[in-house]
Number of protein chains: 2
Amino acid sequence: MDRMTASAPGRPGAGETSVTRVLGILDLFTPEAPVWTADTMIEHLLLGRATIYRYVRALCDAGFLVPVAGAGYALGPRFIEFDRNIRLADPLLHIVPPVMAELRDTVAGGQLLCAFYGLRVLAVLQDKTDPDITMSMERGRPFPLFQGSPSRVILAHLPTYRLRNLALNHQAAIAAAGLGQNWAEFRDGLRAVRRMGYLVASDIDKALVGISAPIFHAPGSVVASLCLVRTKERVTPDDAAYLGRLAVTACQRISAELQAFRLRQTDAAFPVSRVR
Amino acid sequence: MDRMTASAPGRPGAGETSVTRVLGILDLFTPEAPVWTADTMIEHLLLGRATIYRYVRALCDAGFLVPVAGAGYALGPRFIEFDRNIRLADPLLHIVPPVMAELRDTVAGGQLLCAFYGLRVLAVLQDKTDPDITMSMERGRPFPLFQGSPSRVILAHLPTYRLRNLALNHQAAIAAAGLGQNWAEFRDGLRAVRRMGYLVASDIDKALVGISAPIFHAPGSVVASLCLVRTKERVTPDDAAYLGRLAVTACQRISAELQAFRLRQTDAAFPVSRVR
DNA sequence: ACGAAATTCTCATATTGCGGGATTTTAGCG
DNA sequence: CGCTAAAATCCCGCAATATGAGAATTTCGT
């Protein structure tokens, strides 16, 4: 009943396999509850003691969990290592920082680089100057797929067949986010965004305005977005338009470098997500 | 035969379970080979096509893998999210940055915070001023357990029974690292380090000197070390002694804050690794 | 060194994973 | 926008392997 595996939405309690259950254990570990004892897991997952210990042992051996003093387990070092592996392999993290540095003074607020991962949009890089903006430890922060300018500008540049899939599988979330009650509305709204080239929105943090433009891994294939952020009272309509153009040109440069980088690579190997 | 699961050393090919195999898939994904196709995995893991696809699907659903354009899979967003969760729950990352900032000008080189995770030591935070020192994207960088001042100063402060375990299970690695041919030598060498309070070494990067002191989560329980780094030619013996004392006092402050933090927490819940 | 608590082991049972191949879906082209 | 090669899923019998209760063992802090 607590199969709320944030990871496999839309498929409620289906496909109960041992692998699923083991991976499900990791879902327990949140910032609010970072330590779990074996007994607590047994209670919450309704599994036998031996089974839980088998699972936990497998995860510990692999470094995904770590026993902590005082009896309990916490997320292990392997996640930190893998995040580094991802960072090392991600050309965006080499290309974007200098661009962010250039924009820093003009933006006079904050910047966020968000990557598109199939059904998820994640902050992967940040840059901040305005102390009024609370943005820290943002890498890894998830963004709702249908809210916020970083996500929506990415959506707007997805190929039609992907959008159609999304519209079919997530129409409730789309409607809830005000992106349209049906396929036509959804598509037309995004088309308008695409025509504009950038998106100004204030729907995640009402005190902030985000101005986002898309980054392409290849012509017609979005992988990320750059979001320029300012507090609301410091953005006039003219500012928004100016920052929008700024974001678009910056993203064009980033995209160009990304494609140049990709051509340099022998085996074209840079993560670009697909929707299933 | 390619059971080189970096995660469970000492237990070569034992305990082949489906969970082990699924987690083993993730071991394939290295910075050098960040993208794998289903067929390549089948080749390397000698599993049936349907099985690999089942495994990969489970990992994708959980966000640990992501399908990439051009047919293949790469490490997924979940690792980035979990690393953030760990960062958010780790009091060291709140306590240490201001200390590093204070030391920055005096150290005039680099600083590394390394955490102890059972059998692994990992960089978790860095700070650099000297451009001659190449240190970037260090969070997540693994350190050999028996080499380098960050690891060895941690070892030196482990309780005896943990050291005895290590000596039993890793005597080859210990000898290879020059930490002694037997238990007595190993223990005595570390005791000397413990007496000194800090450790000066240059065994990982020969061009650099690292000066490390231990950080305690509770009296007698090491969880991390702070390593002050300079290029070798900029460290006289007097410098080393001075930086050593500097590191020790900084670490004492950090430890005190850590324990104060721990007392504030309702449910004592900060990851401290144990050795099995 | 000791004792309480945490973890692993044992083993019979039947649930669940495996694999070869047919089928469906997908991506990206013209 | 429809099509085609390629990728991913489904099917299903067989048997390997996961499960859980409780006993045995190891671990860790005092």
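A, B, ... follow the sequence lines: proteins, then strands. Residue 1 opens every chain.
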**Message:** Without decimals, in angstroms, what is the distance between B/Leu59 CG and D/dT9 P?
**Reply:** 12 Å
**Message:** Any side-chain N or O of A/Tyr161 below 4.0 angstrom from OP1/OP2 of C/dA27?
**Reply:** no
**Asked** How many Å lie between CG on B/Leu46 and C1' on C/dG19, as a whole number?
**Response** 14 Å
**Atom-pair distance (CD1 on B/Ile52; P on C/dG17), nearest Å** = 16 Å
**Length of the CZ-C1' vector between B/Arg164 and D/dT27, whole Å** = 13 Å
**Message:** Could you tell me how far apart A/Tyr55 (OH) and C/dT16 (C1') are, to the nearest whole angstrom?
**Reply:** 11 Å
**Message:** In the structure I gave you, are the side-chain heavy atoms of B/Glu81 and A/Arg120 within less than 4.5 Å of one another anywhere?
**Reply:** yes
**Message:** On the nucleotide D/dA18, are OP1 or OP2 found under 4.0 Å from the side-chain N or O atoms that A/Ser18 carries?
**Reply:** no
**Asked** Whole Å only: how far is the CG atom of B/Leu47 from the P atom of C/dG19?
**Response** 6 Å
**side-chain N/O B/Tyr53 vs D/dA8 OP1/OP2, d < 4.0 Å** = yes
**Message:** I'd like to know whether B/Asp27 forms a salt bridge (Lys or Arg N to Asp or Glu O under 4.0 Å) with A/Arg78, so could you lay out the CA-CA distance, the side-chain angles of the two residues, the decisive distance to 0.1 Å, and finally the verdict.
**Reply:** CA-CA 10 Å; B/Asp27 294 335; A/Arg78 207 74 188 291; 2.3 Å; yes
**Prompt:** Does the side chain of A/Arg21 get closer than 4.0 angstrom to OP1 or OP2 of D/dT19 through an N or O atom?
**Reply:** yes
**Prompt:** For A/Arg164, does the CZ atom have more than 12 heavy-atom neighbours from other residues, nucleotides or ligands under 6.0 Å away?
**Reply:** no
**Item:** Nearest-nucleotide comparison on DNA chain C, the residue closer to the 5′ end among B/Gly48 and A/Ala50
**Value:** A/Ala50
**Prompt:** When the C1' atoms of the five terminal pairs at each end define the local axes, what inter-axis angle does the helix from C/dA1-D/dT30 to C/dG30-D/dC1 show, to 10 degrees?
**Reply:** 90°
**Request:** Using whole Å, report how far CD1 of B/Ile42 lies from P of C/dG19.
**Result:** 10 Å
**Asked** Donor-acceptor pair, B/Ser225 side chain versus B/Pro214 backbone, under 3.5 Å?
**Response** no
**Message:** Is there a side-chain contact between B/Leu145 and B/Val121 in this structure, where contact means two heavy atoms from C-beta onward sitting under 4.5 Å apart?
**Reply:** yes
**Asked** For atom CZ of B/Arg49, is the number of surrounding heavy atoms from other residues, nucleotides or ligands below 6.0 Å larger than 12?
**Response** no
**Request:** Could you tell me whether the phosphate oxygens of C/dT8, OP1 or OP2, come under 4.0 Å of any side-chain nitrogen or oxygen in A/Arg57?
**Result:** yes
**Item:** Spacing of B/Leu168 atom CG relative to D/dT27 atom C1', expressed in whole Å
**Value:** 14 Å
**Message:** Would you say A/Tyr73 places a side-chain N or O within less than 4.0 Å of OP1 or OP2 belonging to C/dT7?
**Reply:** yes
**Request:** State, yes or no, whether a side-chain contact exists between B/Phe143 and B/Phe116 at a heavy-atom distance under 4.5 Å.
**Result:** no
**Asked** Backbone N or O of A/Val153 within a donor-acceptor pair of the A/Ser212 side chain at under 3.5 Å?
**Response** no
**Message:** Counting the atoms with a prime plus P, OP1 and OP2 as sugar-phosphate, which does A/Arg54 contact under 4.0 Å by heavy atoms, base, sugar-phosphate, or nothing?
**Reply:** base
**Asked** Of the nucleotides D/dA8, D/dG22, C/dG17, which has the atom closest to the A/Thr17 side chain?
**Response** C/dG17
**Fill in**
Assign each of B/Pro159 and B/Arg49 the nucleotide of DNA chain D bearing its closest heavy atom; nearer the 5' end lies the nucleotide of B/Arg49
